[in-house]
Amino acid sequence: MRFLVVMFKEIRDNLRDKQTVFYALLFGPILMPLILGGSIIGSLKQLSIDFDEVTTLTVVNGDSAPNLMDFLHSNNIDVVDAPDDPEKAVRRGDIAVALKVMPSFNEALRAGQPAPLTVFVNDGDKESSKQARRVITLLQAYERTIDALRLQHRGIDPNVFNTLDISREDVSLDGAGGQLIASLLPFLLIISMVMGGFYLAIDTTAGERERQSLEPLLSLPLNRAELVLGKYGATLCFVALSCVLTSVSVFFLFKFFPTDILGGGLNFDGPTIFKAFLVASPLIAFISAVLITVSAFTRSSKEAQTYLGVLMVIPMAPFFILQFVTIRSELQSMFIPMMSQYQLLEKIVLGDVTPALHIALSVLGTLLFAGLLLLLAIRLYSRDRILM
Amino acid sequence: MIKAMDLRKSFSKPGAGRKSEPVMAVSNVSFTASDGEVTGLLGPNGAGKSTTLRMLATLVKPDTGTASIDGFDIGSDVLAVRKQLGFMPHNAGIYPRLTTKENISYYARLCGLSRHDTARRVDELVEQLGMQSYADRRAAGFSQGQRTKVALARALAHRPQTLMLDEPTNGLDVMGTRGLREIIRDLAKSGHCVLFSSHIMQEVSALCDHIAIISDGRIAIADSLDGIKARTGEEDLEDAFVRAIGETP
């Protein structure tokens with residue numbers, strides 16, 4: 001049971017290291033979910049227009065169209081007078097959009113001609129385009145009202161002009177951006193697991209070589225497999241802790257997600273996150289093994305950081321690949337660590353069926369790879385070259 | 001008690017291809033170090049001192065030849081050899097985020113001492129090596145002398161019969177060196193076998209009962225200080241050393 005001595009020493013040693021603790025307890029579990037989740041909430045909010053929100057609109061020459069102004073006012077828009085040069089003000093970003101009622105507006109309206117209006121918008125500015133879309137949507141609604149009145153005035157049923165009745169129905173369970181949000185959970189979990197064990201794995205293997213404490217350690221009456229297992233165990237604890245903390249913080253984060261943005265199908269309640277955690281948990285063993293084995297190859301912390309930094313791309317790869325390609329979950333891909341968890345976790349969050357066979361294969365494949373990597377690490381430590 | 005018989009070790013140069021000629025690090029090393037004595041392994045840098053000690057500490061396997069520590073063969077009885085042996089490698093690092101006591105007790109626990117035994121042994125070593133003033137301080141800012149003492153205490157944690165120190169006085173100031181010499185002498189006096197490598201003549205002549213001069217991977221001469229002087233016909237160890245490795249002084 002000497003591997004426990006190694007394990008507890010490494011845990012105690014690394015709990016005293018600010019960098020390790022920061023990445024294990026703060027970066028993965030708290031900062032990453034906040035940054036990623038926050039930016040996604042932000043961008044979704046920017047896309048969707050809230051017509052109930054009261055806002056102001058700068059109007060030039062609004063006095064000449066009092067009915068339109070009343071209509072805007074009744075649709076939660078407060079009209080304010082325009083500055084001297086509304087075009088410039090919009091370009092500079094002083095005001096989001098400006099509406100200009102042309103001098104010939106009233107005359108044209110009375111004559112039954114198209115009445116000219118100009119909306120100044122800066123399409124380089126997301127807030128400006130969003131405001132403009134709201135204004136134009138309202139103006140079109142106003143136009144339809146007048147159209148209907150004119151037709152009725154001439155004794156024509158306005159419905160004559162409604163040739164098609166198109167209704168658009170989104171059949172996906174998740175609504176817009178649902179898959180992106182669903183893939184956020186495996187992404188966050190995997191990244192925080194990697195970050196959680198990253199510095200501890202480097203410190204206990206490459207770091208030990210670098211500060212020349214490995215040689216006296218290896219000369220002790222102690223099996224080298226026990227040594228590797230102890231270091232693996234310590235890494236495992238940190239990775240597991242990161243995984244648990246991230247699950248908890250994701251649970252709380254999604255409590256703040258507006259449900260209408262999330263769409264009906266997405267589910268981030270307690271049991272769902274718990275199930276996701278269980279399905280992801282074999283990765284704790286796998287990621288710890290990858291970290292220990294790769295840094296056992298390296299001679300210094302710097303070298304280890306370089307290798308592992310490149311390796312960090314791999315856990316991110318499924319996230320980006322699955323954004324572009326829909327890979328049907330097949331039996332073969334369930335055997336690949338990380339790929340399988342990505343797909344399974346996404347399905348769990350989306351409320352899709354996750355066949356027991358798929359979960360079993362995912363667990364088996366991941367643990368198998370973890371075991372092989374661990375054997376490799378023990379072999380690396382048994383070579384003379386570990387001291388060179 | 002250390003007995004080395006015709007140890008040989010060659011390495012392929014790191015970075016060179018597989019076909020490159022291996023470098024002979026140690027080619028013919030035989031000597032004996034007895035209990036109750038300090039034996040010095042004296043040789044210039046690159047002579048093969050560290051490789052020899054590593055083979056004796058079972059960290060590196062010799063290509064040919066054998067050695068035994070207190071009767072246990074370094075090839076077949078690895079764990080028994082390590083139990084007998086306290087090894088302090090060249091520039092051995094200690095854990096900067098652990099205190100002196102934690103550094104020592106980690107090794108004691110790894111060697112199988114019980115929790116209770118470990119605490120007692122650690123107190124003993126702190127006392128023996130005079131480390132009371134920094135026993136509970138973290139090692140991050142320790143001086144070289146303090147670090148060496150912690151590393152030595154660590155090597156002694158499991159009460160080994162045989163002790164091997166690779167250039168322990170490296171980086172120590174005068175008082176540090178004197179203090180360490182005293183400790184080494186005491187250890188030998190209490191019956192331990194101490195093997196001590198160095199490239200510094202005065203140190204070896206001041207401390208060692210028995211000297212093995214190593215040069216170019218082979219033992220040039222191994223005898224007591226007086227024996228070496230007599231065999232080389234030189235009065236000064238430095239001259240004797242130069243003659244022993246085949247040069248004319």
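Residue numbering restarts at 1 for every chain, and letters A, B, ... go by the order of the sequence lines.
Atom CG of B:Asp6 sits in a crowded spot, with more than 12 heavy atoms from other residues, nucleotides or ligands closer than 6.0 Å. Around CZ of A:Phe22, the count of heavy atoms belonging to other residues, nucleotides or ligands within 6.0 Å exceeds 12. For A:Tyr307, the OH atom is loosely surrounded, since the number of other residues' heavy atoms within 6.0 Å does not exceed 12. The 12-atom threshold is exceeded at CZ of B:Arg137, counting heavy atoms of other residues, nucleotides or ligands nearer than 6.0 Å.
Both the backbone and the side chain of A:Leu217 have a heavy atom closer than 4.5 Å to some heavy atom of chain B. No part of B:Gln84 comes within reach of chain A, as not one of its non-hydrogen atoms sits under 4.5 angstrom from that chain. Interface residue B:Pro96: only side-chain heavy atoms are found under 4.5 Å from chain A. Looking at A:Arg224, only its side chain comes within 4.5 Å of chain B, counting heavy atoms on both sides.
For residues 88-95 of chain B, a heavy-atom distance under 4.5 Å to chain A picks out B:Pro89, B:His90, B:Asn91, B:Ala92, B:Gly93, B:Ile94, B:Tyr95, given by residue number. Among residues 104-124 of chain B, the residues having any heavy atom closer than 4.5 Å to a heavy atom of chain A are, in sequence order, B:Tyr106, B:Tyr107, B:Arg109, B:Leu110, B:Cys111, B:Gly112.
Top candidate by heavy-atom pairs under 4.5 Å with chain A, chosen from B:Lys61, B:Arg154, B:Glu102, is B:Glu102. Chain B forms more heavy-atom pairs under 4.5 Å with one residue of A:Arg12, A:Glu210, A:Glu226 than with any other, namely A:Arg12. Of the listed residues A:Leu4, A:Asn14, A:Asp17, the one with more heavy-atom pairs under 4.5 angstrom with chain B than any other is A:Asp17.
Within the 3.5 Å criterion, the main-chain N or O of A:Arg16 finds no donor-acceptor partner in the side chain of B:Arg97.
Counting all heavy atoms, side chain and backbone alike, A:Pro221 lies closest to B:Lys83 at CB-CG, 3.7 Å.
Remark: B:Arg54 engages A:Glu215 in a salt bridge (charged side-chain N to carboxylate O under 4.0 Å, His left out) (not counting sequence neighbours). For the salt bridge (charged side-chain N to carboxylate O under 4.0 Å, His left out) test, residues two or more places apart in sequence or in another chain that qualify with A:Lys231 are A:Glu10, A:Glu208.
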